[in-house]
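FYI, the numbering just counts along the sequence from 1.
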Amino acid sequence: MRNTILATLLGILFFFFLACTMTISGRGVRQNELEQAVNRGVEQTAARMKEEGYGAVSDEELLAELSEAVLSGINSDCAIKLQVLECDQQAGVLSVRATGTFQHPNGEEGKVTAERTVVWEKHKLE
């Protein structure tokens, strides 16, 4: 009887330890994934802005490309909200904030956020 109670308590403790570990590591993985996707998406979009020339590409096309680049880098079960803080081709500024929401193993909602700003120069020095 004593061994049965001890085994049950150890099983419950193991379950809680496993749930805590999954919650902590899941949040870290999603945060890292979101930061990498936002960084890669903003860099690709800024490179396109530099290649195409200023004003040759509309803001809507750039934002669509940014959304596609960010969302293609997400593999987890996050719902992503992409907010463009500033997109000015003439000034050479692109600033984005992405927020991902997901479910923890215990059923609670978790949030991760990544923000990235890129500034580039219009003129080349020759």
Worksheet item: What distance separates Leu66 CG from Arg40 CZ, expressed to the nearest 0.5 Å?
Response: 12.5 Å
Practice prompt. Decide if atom CD of Glu86 counts as having more than 12 heavy atoms of other residues, nucleotides or ligands within a radius under 6.0 Å.
Written response: yes
Worksheet item: Got a second to check how far Leu34's CG is from Leu82's CG, nearest 0.5 Å?
Response: 9.0 Å
Discussion item. Given 3.5 Å as the limit, does a donor-acceptor pair link the side chain of Glu33 with the main chain of Asn75, or not?
Written reply: yes
Fill in: CG on Leu18 to CZ on Phe14, rounded to 0.5 Å
5.0 Å
Worksheet item: How close do Val112 and Phe102 get, heavy atom to heavy atom, and via which atoms?
Response: CG1-CE2, 3.9 Å
Item to complete: Output the distance between atom CD (Gln103) and atom CD (Glu109), rounded to the nearest 0.5 Å.
Response: 6.0 Å
Practice prompt. Flag yes if Val42 and Leu71 sit in one hydrophobic cluster, no otherwise; membership is Ile, Leu, Val, Met, Phe, Trp, Tyr, and two members link when side-chain heavy atoms are under 4.5 Å apart.
Written response: yes
Fill in: Val93-Val118 co-clustered via ILVMFWY side chain contacts under 4.5 Å
no
Practice prompt. Provide the closest heavy-atom pair for His104 versus Gly110 in the form atom of the first, atom of the second, distance.
Written response: NE2-CA, 3.6 Å
Worksheet item: Is the closest side-chain heavy-atom distance between Leu85 and Glu115 below 4.5 Å?
Response: yes
Worksheet entry | Closest approach of Arg27 to Lys111 (non-hydrogen atoms, all atoms of both residues) | NH1-O, 2.5 Å
Response to the item:
Closest heavy-atom pair, Ala69 versus Gly41, reported as atoms and distance to 0.1 Å, is CB-CA, 3.6 Å
Worksheet item: Can you tell me if CD on Glu68 sees more than 12 non-hydrogen neighbours from other groups inside 6.0 Å?
Response: no
Discussion item. Quick check for you: to the nearest 0.5 Å, what is the distance between Asn32 atom CG and Arg30 atom CZ?
Written reply: 12.5 Å
Worksheet item: Do Val29 and Ser76 come close enough that some side-chain heavy atom pair is under 4.5 Å?
Response: no
Discussion item. Using 0.5 Å steps for rounding, measure from the OG1 atom of Thr113 to the CZ atom of Arg97.
Written reply: 7.5 Å
